[in-house]
2 protein chains.
Amino acid sequence: MPQQRSTRDRLLDAFEQLLVDEGSRAATLDAVAAAAGVSKGGLLYHFGSKETLVDGMVERLREQGETDVELMRTADVGPVEYYLQTSVASGSDFDRALIAASRIAQENTHQAADVLAEIRDSWFTVLKEDLDDEALARTIQLIGDGLYYNDFCGISNPTALTHVREVLARLTAPTD
Amino acid sequence: MPQQRSTRDRLLDAFEQLLVDEGSRAATLDAVAAAAGVSKGGLLYHFGSKETLVDGMVERLREQGETDVELMRTADVGPVEYYLQTSVASGSDFDRALIAASRIAQENTHQAADVLAEIRDSWFTVLKEDLDDEALARTIQLIGDGLYYNDFCGISNPTALTHVREVLARLTAPTD
DNA sequence: GTCTATATTCTGATAGAC
DNA sequence: GTCTATCAGAATATAGAC
């Protein structure tokens, strides 16, 4: 059975949640420690500095990203539908990690931006392999980016995915 | 002739540029003042607090947004092409203002998020009127969001727009 | 592993000179 | 309109007790 979430993981969870909900400025060591239910000293035992905390978050994101790409590659519904479905807010751990990373992507030493770019490249590779159509793969990736950006900004469009599916269907079955 | 850029405008420019380049944490009053070439006291004469500075930026963005929507509505190339072209990084003042605003959209009292939502709504309205096709309008807006998100993350895809145009062309002229 | 001081620097903001 | 000096509080980080 899965052991209880470690303090280390709870600290990363709290850091991500603060980034998602209130942004980079609010995600202070104080706030992260409090949200995880430990003292600042307790936090600094696990992550010796704020930079180390960011590193830990980014490293966990990289692992989650690898898992996601494998799930996308082997999804029953196919890579495209899997990609679109997971581009809308689902509240998953991976969603939170992605949004959190993009909140700090332009700060610090760009490690977050690098991992985000890596994951995006993997998604594109899978889409291109599946579709064998670079222009369409690029367009679908942009639509996923758009859905993801809406999530990032807190915009919710329940019908967006339906509309996208309808338009994509026209490409394979023209309404002539 | 246009008079020289006022100190007030230079302060807003510097604030936006810092938000775009280094993010919210780096956009301190100290840094903004230095980048604009004035002292912190000088800054605080024009904007009495950081909140006022944000207000000023958001208000300027609203005006730029209204101008842009009018340009989109009357563009020679049509609203769709105008929208796609201006969704990729062009380095315009409006681009910078949009990216800057989304960097702080989840912070403070959500004024930035509100104006961004307003502008997005206007774009969608114009797209829907022009296309008379809600699903397609929504999809094109998402593609624009995707292009904009790539810019936001510092990703550059010179061929993205070409690919999008190609796929959109297939919708009106099927390759049967 | 976790906590409570404490040190240090940064950040936003005020007061008053020029 | 712009500057310097200054302050209170926040943010990161260290030291050492438990």
Side-chain angles (χ1 to χ4, degrees), chain A residues 2-60 100-101 103-104 106-112, chain B residues 2-60 100-101 103-104 106-112:
Chain A
Q3 62 186 53
Q4 273 228 314
R5 216 150 178 76
S6 66
T7 299
R8 197 191 139 90
D9 271 323
R10 280 189 298 111
L11 284 163
L12 291 177
D13 292 346
F15 183 40
E16 287 179 0
Q17 199 63 51
L18 276 163
L19 284 173
V20 171
D21 292 341
E22 302 174 57
S24 180
R25 289 186 92 87
T28 65
L29 295 186
D30 245 327
V32 171
V38 298
S39 68
K40 214 191 307 192
L43 186 165
L44 287 162
Y45 168 79
H46 292 282
F47 301 99
S49 69
K50 182 138 196 202
E51 206 188 327
T52 312
L53 182 63
V54 171
D55 289 346
M57 190 189 86
V58 168
E59 192 42 51
R60 200 171 71 163
R103 290 251 195 265
I104 56 165
Q106 82 294 346
E107 296 175 8
N108 308 318
T109 41
H110 297 163
Q111 325 125 71
Chain B
Q3 63 185 52
Q4 273 228 315
R5 215 151 178 76
S6 67
T7 300
R8 195 191 140 90
D9 271 324
R10 282 189 299 112
L11 284 164
L12 291 178
D13 292 347
F15 183 39
E16 287 178 359
Q17 199 63 51
L18 276 163
L19 284 173
V20 171
D21 292 341
E22 302 175 55
S24 181
R25 289 185 91 86
T28 64
L29 296 186
D30 246 326
V32 171
V38 298
S39 67
K40 212 193 306 194
L43 187 164
L44 286 162
Y45 167 80
H46 292 280
F47 301 98
S49 69
K50 183 140 197 199
E51 207 189 326
T52 313
L53 183 62
V54 172
D55 289 347
M57 190 189 85
V58 168
E59 192 41 50
R60 201 171 69 164
R103 291 252 194 265
I104 56 165
Q106 83 293 346
E107 295 175 8
N108 307 319
T109 40
H110 298 164
Q111 324 124 74

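Letters A, B, ... are given to chains in the order of the sequence lines, protein chains preceding strands, and every chain is numbered from 1.
Distance check: B:D30 CG to B:L43 CG gives 9.5 Å after rounding to the nearest 0.5 Å. Distance CE/A:M57 to OG1/A:T52: 13.5 Å, rounded to 0.5 Å. Residue A:S24 holds its OG atom at 8.5 Å from CD of B:Q106, rounded to the nearest 0.5 Å.
Judged by distance alone, with hydrogens and angles left aside, the side-chain atoms of B:R103 form a donor-acceptor pair with the main-chain N or O of B:V20 at under 3.5 Å.
Remark: A:V38, A:S39, A:G41, A:G42, A:Y45, A:H46 in residues 27-59 of chain A come within less than 4.0 Å of DNA chain C through at least one heavy atom.
For DNA chain C, the contact window with chain B, defined by any atom under 4.0 Å from a protein heavy atom, covers C:dT11 to C:dT14 in 5' to 3' order.
Ionic pairing of B:R60 and B:D55 is not present here: no N-O contact between side-chain nitrogen and carboxylate oxygen is shorter than 4.0 angstrom.
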Note to self: One pair to check against side chain to side chain contact (heavy atoms under 4.5 Å, CB included): B:E107 and A:R25. What are the steps and the verdict?
What the structure shows: CA-CA 8 Å; B:E107 295 175 8; A:R25 289 186 92 87; 3.6 Å; yes
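With a 6.0 Å radius and a threshold of 12 heavy atoms from other residues, nucleotides or ligands, A:E59 has its CD atom above the threshold.
Residue contacts for A:R8: at a heavy-atom cut-off of 4.0 Å it reaches no nucleic acid atom on any strand shown.
For the residue pair B:Q111 and B:T109, a side-chain donor N or O sits within less than 3.5 Å of a side-chain acceptor on the partner.
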